[in-house]
Protein chains: 2
Amino acid sequence: MLLSYTEENYLKAIYHLSEDGKIDVSTNAISDALNTKPASVSDMLKKLSQKEVINYIKYQGVSLTPSGKKIALQIIRKHRLWEVFLVEKLNFNWDEVHEIAEQLEHIQSNLLIERLDEFLGFPPFDPHGDPIPNERGEMKAKKHTPLSETELHNQGKVIGLKETSPLFLQYLDKAGIYIGAKIKVMDKIEFDGSLEILIDNKKTILVSNEVAKNILIAES
Amino acid sequence: MLLSYTEENYLKAIYHLSEDGKIDVSTNAISDALNTKPASVSDMLKKLSQKEVINYIKYQGVSLTPSGKKIALQIIRKHRLWEVFLVEKLNFNWDEVHEIAEQLEHIQSNLLIERLDEFLGFPPFDPHGDPIPNERGEMKAKKHTPLSETELHNQGKVIGLKETSPLFLQYLDKAGIYIGAKIKVMDKIEFDGSLEILIDNKKTILVSNEVAKNILIAES
DNA sequence: ATAACAATTTAGGTTTGTCTAAAAAAAAAT
DNA sequence: ATTTTTTTTTAGACAAACCTAAATTGTTAT
């Protein structure tokens, strides 16, 4: 089924809002996300409900139907693949690409997006560390961030490394850091970007910014 | 000044229609090109005239103002650059890319298009042989086609070669073909794609399809 | 439990880009 | 030089996506 540019944006917004734990998304939350008025959202929800891409009961919020979720994930797939393209191929910074990808995600062509995916080497993550759904809308992996970008006091698990040289692995081993280790950021030293981290609730150590940049964390 | 998706398409259509010699473009011609009704075109022309991107006198057709032409050429620039991307990087065939480029040409970001141009190595022509305007909307070169694609009885000048090996150049020299030579296609042999061509209104020779593919013609 | 407040929906209106049908202007044909 | 035909414009309507203002429903606090 073919949806308009605007309808696609509504589905995407509902998907992102329900990601944050919520089962049902409120009209006001959607109007905030899309910079429209609640009245406009009500109109659109009625329409999307008729197209059976959302479950909608008046005054009680909305959720995506399976088919709505599939469409939302396709748009997210396109968005994230284009972001990879912009960063990897056109040398954009990861913080410059969002608005352009917002436009590119609505280009209609399955072949295009599969070719793009291939051209980019089937990347599993976008430049912000968010996983890229596959063509069936499946997304196994979780979002990850470099330890260096993790907020103060946040915690998560080590899910990957950017560096895999023996020297780096030896260092991690000695420090007690391994894939799956639980890490909490206790302090950030502004001067050089080094971090004080708590590993598995047991040991607190100091890691340099260089090291932190190469450890990927799935926050929780 | 910012135009809508639809307004951009009108300007582009008017540009292409006035390319074919015509100074003033008719309402019907535009409605044909855009698959809309003449009444809709009249409405839009009034609007575009108010925005001072076209010169419009009722019942007398339209032409682009300098600012309208500049906008049209920017869109054409984007269209052609994306076509190069699709063919060169994503391995599309040159006849598959038009519809996708029709969508991509409306993506708004000057930085994007300049980066794309650079990424593609500043190509002077799109995959159909049409020249790509520069960022100021200037387009020096003329459209070119391989001699092998030139229609029967059409004529033009040799403006370039795809092959530049000494053997090929020697062959051309012997045949009397040089950059600037006037060539007319007298006959096409279906069997092997070879061509009978008239050079400078003097000499008729037969060239193989392989040779014809490597000679670029600016038709006239 | 009910009053006050917040969230949501309905009603009615706007803009953009389209349409059909009818009127007006220009071009072609007698 | 009229008539006929074609082209173009106007008038009035419609769908999509938005808006404001008013009405309704749900929630919270007393």
Side-chain angles (χ1 to χ4, degrees), chain A residues 1-14 17-18 20-64 68 71-72 75 102-103 105-106 108, chain B residues 1-14 17-18 20-64 68 71-72 75 102-103 105-106 108:
Chain A
M1 190 211 333
L2 262 165
L3 299 183
S4 75
Y5 191 103
T6 310
E7 289 169 331
E8 288 193 348
N9 277 337
Y10 270 86
L11 288 191
K12 193 174 49 126
I14 294 167
L17 288 167
S18 53
D20 311 342
K22 308 240 173 91
I23 311 140
D24 282 319
V25 178
S26 75
T27 301
N28 270 3
I30 298 170
S31 82
D32 272 12
L34 295 175
N35 264 301
T36 58
K37 301 289 146 154
S40 311
V41 174
S42 282
D43 283 353
M44 183 57 93
L45 294 184
K46 231 179 291 170
K47 208 167 64 162
L48 292 174
S49 177
Q50 210 137 35
K51 296 193 173 184
E52 299 183 25
V53 290
I54 62 172
N55 304 115
Y56 173 49
I57 304 163
K58 270 197 213 174
Y59 295 103
Q60 270 168 240
V62 285
S63 60
L64 296 175
I71 296 170
I75 302 163
E102 288 282 296
Q103 299 179 60
E105 73 190 2
H106 299 287
Q108 303 282 170
Chain B
M1 188 210 336
L2 263 166
L3 299 183
S4 73
Y5 192 102
T6 311
E7 289 169 333
E8 288 193 348
N9 277 337
Y10 271 87
L11 288 191
K12 193 173 51 125
I14 294 166
L17 289 167
S18 53
D20 312 343
K22 308 239 174 94
I23 312 140
D24 282 319
V25 177
S26 76
T27 300
N28 271 2
I30 299 170
S31 82
D32 273 13
L34 295 176
N35 265 301
T36 58
K37 301 288 145 149
S40 311
V41 175
S42 282
D43 284 350
M44 182 57 92
L45 293 184
K46 231 178 292 171
K47 206 167 66 161
L48 291 173
S49 177
Q50 211 138 34
K51 296 195 174 184
E52 299 183 25
V53 291
I54 62 172
N55 305 116
Y56 174 51
I57 305 163
K58 270 198 214 172
Y59 294 102
Q60 269 167 242
V62 285
S63 61
L64 295 176
I71 295 171
I75 301 163
E102 288 282 296
Q103 300 179 59
E105 73 190 3
H106 299 288
Q108 304 282 171

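Hydrogens, waters and symmetry mates are skipped; everything else that's a heavy atom, side chains included, is used. Quick note on labels: first sequence line is chain A, next is B, and so on, each numbered from 1.
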[X] vs [Y] side-chain heavy atoms within contact, under 4.5 Å:
X	Y	result
Met44(B)	Ile30(B)	no
Val62(B)	Tyr10(B)	no
Val41(A)	Leu34(A)	no

### Query
Tyr10(B) near the nucleic acid: base, sugar-phosphate alone, or nothing, with a heavy-atom cut-off under 4.0 Å?
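Since only primed, P, OP1 and OP2 atoms lie under 4.0 Å of Tyr10(B), the category is sugar-phosphate.
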
#### Entry: Within residues 28-37 of chain B: residues closer than 4.0 Å to DNA chain D (heavy atoms)
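Here the set is Asn28(B).
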
### Message
How long is the straight-line distance from NZ of Lys37(B) back to OG1 of Thr27(B), given to the nearest 0.5 Å?
### Response
15.0 Å

### Nearest-0.5 Å distance that lies between atom CD in Gln108(B) and atom OH in Tyr5(B)
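That separation rounds to 11.5 Å.
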
Could you list the protein-to-nucleotides 9-16 of chain C atom pairs, N/O on both sides, closer than 3.5 Å?
residue: dT9(C); atom: OP1; partner: Tyr56(A); partner atom: OH; Å: 2.4
residue: dT9(C); atom: OP1; partner: Tyr59(A); partner atom: N; Å: 3.0
residue: dT9(C); atom: OP2; partner: Thr27(A); partner atom: OG1; Å: 2.9
residue: dT9(C); atom: OP2; partner: Ser42(A); partner atom: OG; Å: 2.7
residue: dT9(C); atom: OP2; partner: Tyr56(A); partner atom: OH; Å: 3.4
residue: dT9(C); atom: O5'; partner: Ser42(A); partner atom: OG; Å: 3.4
residue: dT9(C); atom: O4'; partner: Tyr59(A); partner atom: OH; Å: 3.4
residue: dT10(C); atom: OP1; partner: Lys58(A); partner atom: NZ; Å: 2.5
residue: dT10(C); atom: OP2; partner: Lys46(A); partner atom: NZ; Å: 3.1

### Message
Give me the atom names and distance for the closest heavy-atom approach of Leu64(A) to Ala72(A).
### Response
CD1-CB, 4.2 Å

### Query
Minimum heavy-atom separation for Ser18(B) to Ile23(B), with atom names?
CB-O, 4.4 Å

Set out, line by line, the N/O atom pairs under 3.5 Å between protein and nucleotides 1-5 of chain C.
none

### Query
Can you check the Leu3(A) CG to dA16(D) P distance for me, whole Å?
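Computing the Leu3(A):CG to dA16(D):P distance gives 12 Å.
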
### Query
Got a sec, which pairs hit salt bridge (Lys or Arg N to Asp or Glu O under 4.0 Å) with one end in residues 48-58 of chain B, sequence neighbours left out?
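Every pair satisfying salt bridge (Lys or Arg N to Asp or Glu O under 4.0 Å) with a residue in residues 48-58 of chain B: Glu7(B)-Lys51(B).
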
### Query
Under the side-chain contact (heavy atoms from CB on, under 4.5 Å) test, which residues partner Asp24(A), sequence neighbours left out?
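For Asp24(A) the side-chain contact (heavy atoms from CB on, under 4.5 Å) partners, ignoring immediate neighbours, are Ser63(A).
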
### Message
Please enumerate all residues that pass salt bridge (Lys or Arg N to Asp or Glu O under 4.0 Å) together with Glu105(A), with sequence neighbours excluded.
### Response
Lys12(A)

